[in-house]
Q: 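Here you go, one structure.
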Amino acid sequence: NLTSIIEGSISQINKEYIMFIVAITLIFILVFISVVYMTRRISKIIKIFQENLNDFFKYALREKEKIHLNEVNGKDEFAVMHKNMKKRVNEIEKIIEQDKKVVNEISDVMEKVANGFFQYSIHEKGATSEVESLRYIINKMLNRTKLKIDHVNTVLDNYAKSNYIFSLEEDQLKGMYVDIG
């Protein structure tokens, strides 16, 4: 009787042992599949992030005219990081595009000035302080140069009318130095 109880217990222990091994194996397989899935997802997101970053740098270095960022869906840390990066890249893109407008307008106005037209100025506002400062300084230079040329033209008009005693007022002579003076 004792032998049959022991054999029953051994049989029960073997079944429980097999069930334990099967459960551990299933858990190990699930963990392995989860790790493989997460690793692939992380690798895919990092690859997209890297491509987006490379695309942004090419755009920032003017190797590309437009920037296109690939989407990353999800709520994990990588998706959040990508969304934050995309937001900042879009802000930088707007800044670069605005500064491009200013530089294009500067180029256009400088071409007109080179042809003798001093009545133009740069109206687009710079997105960065450096470009805005450049725009301000160029407009200031254009305004002062035009004013000086207008004063020189006034003198020449009077000379053309044989008014050789004409001279500019004291405040009109301010800033008239070197060649123009």
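Keep in mind that this is a model prediction, so the values were computed, not measured.
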Q: Are Ile92 and Val131 connected, step by step, through hydrophobic side chains (Ile, Leu, Val, Met, Phe, Trp, Tyr) whose heavy atoms are closer than 4.5 Å?
A: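 Shared cluster, no.
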
Q: Check the pair Ile122 / Lys101 against side chain to side chain contact (heavy atoms under 4.5 Å, CB included), numbers first and verdict last.
A: CA-CA 10 Å; Ile122 299 123; Lys101 288 179 185 177; over 6 Å; no

Q: Any side-chain heavy atom of Ser133 within less than 4.5 Å of one from Ile137?
A: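 In short, these two side chains touch, coming nearer than 4.5 Å.
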
Q: Measure the shortest side-chain to side-chain distance between Phe78 and Val72 over non-hydrogen atoms and say whether it is less than 4.5 angstrom.
A: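 In short, these two side chains do not touch, never coming nearer than 4.5 Å.
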
Q: Kindly indicate whether the side chain of Glu16, heavy atoms from C-beta on, has any atom under 4.5 Å from the side chain of Gln12.
A: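 A side-chain contact exists here, since the closest heavy-atom pair is under 4.5 Å.
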
Q: Indicate if Ile42 and Met85 have the same hydrophobic cluster label, given that clusters are the connected sets of ILVMFWY residues with side-chain heavy-atom separations under 4.5 angstrom.
A: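 Yes; tracing contacts between hydrophobic side chains, which count when under 4.5 Å, links both residues.
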
Q: Does a side-chain heavy-atom distance below 4.5 Å link Glu65 with Lys100?
A: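 Touching, per the 4.5 Å side-chain cut-off.
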
Q: Can you tell me how far the CG atom of Asp99 sits from the CD atom of Glu97, to the nearest 0.5 Å?
A: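 With rounding to 0.5 Å, CG (Asp99) is 10.0 Å from CD (Glu97).
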
Q: Would you confirm whether Gln98, through its side chain, and Ala127, through its main-chain N or O, come within 3.5 Å as a donor-acceptor pair?
A: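 Not at all, since once roles are kept as given, no pair shorter than 3.5 Å links the two residues.
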
Q: Looking at Lys112 and Asp108, is there a salt bridge between them, counting it only when a charged N and a carboxylate O are closer than 4.0 Å?
A: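 Salt bridge between Asp108 and Lys112, a charged N being under 4.0 Å from a carboxylate O: yes.
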
Q: Considering the options Asp157, Val155, Asn163, which one meets the side chain to side chain contact (heavy atoms under 4.5 Å, CB included) requirement together with Tyr159?
A: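 Exactly one option meets the side chain to side chain contact (heavy atoms under 4.5 Å, CB included) with Tyr159, and it is Val155.
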
Q: Quick one: CD1 on Ile21 to CG on Asn14, what's the gap to the nearest 0.5 Å?
A: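 If we round to the nearest 0.5 Å, Ile21:CD1 and Asn14:CG are 11.5 Å apart.
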
Q: Do Asp55 and Val89 have side chains that approach each other closer than 4.5 Å (heavy atoms only, starting at C-beta)?
A: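 When only atoms from C-beta onward are counted, Val89 and Asp55 do not touch, as no gap falls below 4.5 Å.
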
Q: Applying the side chain to side chain contact (heavy atoms under 4.5 Å, CB included) criterion to Glu91, which one of Glu93, Lys94, Lys87 satisfies it?
A: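 Only one of Glu93, Lys94, Lys87 forms a side chain to side chain contact (heavy atoms under 4.5 Å, CB included) with Glu91, namely Lys87.
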
Q: Between Glu132 (side chain) and Gly126 (backbone), is there a donor-acceptor pair under 3.5 Å?
A: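 Looks like yes, one N/O pair under 3.5 Å.
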
Q: Work out which heavy atom in Gly74 is nearest to a heavy atom in Ala79; give both atom names and the distance.
A: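 Heavy-atom minimum between the residues: O-CB, 3.3 Å.
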
Q: Return the CZ to CZ distance between Arg88 and Phe56, rounded to the nearest 0.5 Å.
A: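 Answer rounded to 0.5 Å: 10.0 Å.
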
Q: Looking only at heavy atoms, what is the nearest atom pair of Val109 and Ser121, with distance?
A: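 Closest approach of Val109 to Ser121: CG2-O, 3.7 Å.
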
Q: Answer yes or no: are there more than 12 heavy-atom neighbours, outside Lys44 itself, under 6.0 Å from its atom NZ?
A: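 Check fails, neighbour count at 12 or below.
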
Q: Could you measure the distance from the CD atom of Glu105 to the NE2 atom of His123? Nearest 0.5 Å is fine.
A: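 Interatomic distance, Glu105 CD to His123 NE2, rounded to 0.5 Å: 6.0 Å.
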
Q: Verify, without hydrogens or angle tests, whether Thr145 (side chain) and Leu142 (backbone) share a donor-acceptor contact under 3.5 angstrom.
A: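 Not at all, since once roles are kept as given, no pair shorter than 3.5 Å links the two residues.
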
Q: Between Phe49 and His82, what is the ring plane arrangement, given parallel below 30°, perpendicular above 60°, and tilted in between?
A: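 Phe49 vs His82 ring planes: perpendicular.
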
Q: Among the clusters formed by ILVMFWY side chains lying less than 4.5 Å apart, do Met81 and Ile48 turn up in the same one?
A: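 Cluster IDs for Met81 and Ile48 match.
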
Q: Test your reading of the model: is there a side-chain donor-acceptor pair from Ser43 to the backbone of Thr39, 3.5 Å cut-off?
A: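 At least one qualifying donor-acceptor pair exists.
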
Q: So, taking the atom named CG in Asn153 and the one named CD1 in Ile149, what distance separates them when rounded to the nearest 0.5 Å?
A: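 One finds 7.5 Å between CG of Asn153 and CD1 of Ile149.
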
Q: Give, for atom CD of Gln50 and atom CD1 of Ile46, the distance between the pair rounded to the nearest 0.5 Å.
A: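 Answer rounded to 0.5 Å: 9.0 Å.
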
Q: Check whether more than 12 heavy atoms from other residues, nucleotides or ligands sit under 6.0 Å from atom CZ of Phe117, and answer yes or no.
A: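 Not buried by this count: 12 neighbours or fewer within 6.0 Å.
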
Q: If you draw a 6.0 Å radius around CD in Gln119, do more than 12 non-hydrogen atoms from other residues or ligands fall strictly inside?
A: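 Yes - once you tally the heavy atoms of other residues, nucleotides and ligands closer than 6.0 Å, there are more than 12.
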
Q: Applying a strict under-4.5 Å side-chain criterion to I, L, V, M, F, W and Y, I'd like to know whether Leu30 and Phe32 cluster together.
A: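 No; Phe32 is not reachable from Leu30 via cluster members.
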
Q: Backbone N or O of Glu7 within a donor-acceptor pair of the Ser11 side chain at under 3.5 Å?
A: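 Here the side-chain-to-backbone pair does not exist.
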
Q: Counting only heavy atoms not in Arg40 (residues, nucleotides, ligands), do more than 12 fall under 6.0 Å from its CZ?
A: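 Not more than 12 within 6.0 Å, no.
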
Q: Establish whether Leu134 and Ile96 are linked, either directly or via other cluster members, by ILVMFWY side-chain heavy-atom contacts under 4.5 Å.
A: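 Hydrophobic grouping puts Leu134 apart from Ile96.
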
Q: More than 12 heavy atoms of other residues, nucleotides or ligands under 6.0 Å from CD of Glu63: is that the case?
A: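 Atom CD in Glu63 is packed in, count exceeds 12.
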
Q: Are the side chain of Asn52 and the backbone of Leu69 linked by a donor-acceptor contact shorter than 3.5 Å?
A: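 No; judged by distance alone, with no hydrogens or angles, the pair does not exist.
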
Q: Contact between Thr154 and Gln172 at the side-chain level, heavy atoms closer than 4.5 Å - yes or no?
A: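 Heavy-atom side-chain distance check fails, nothing below 4.5 Å.
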
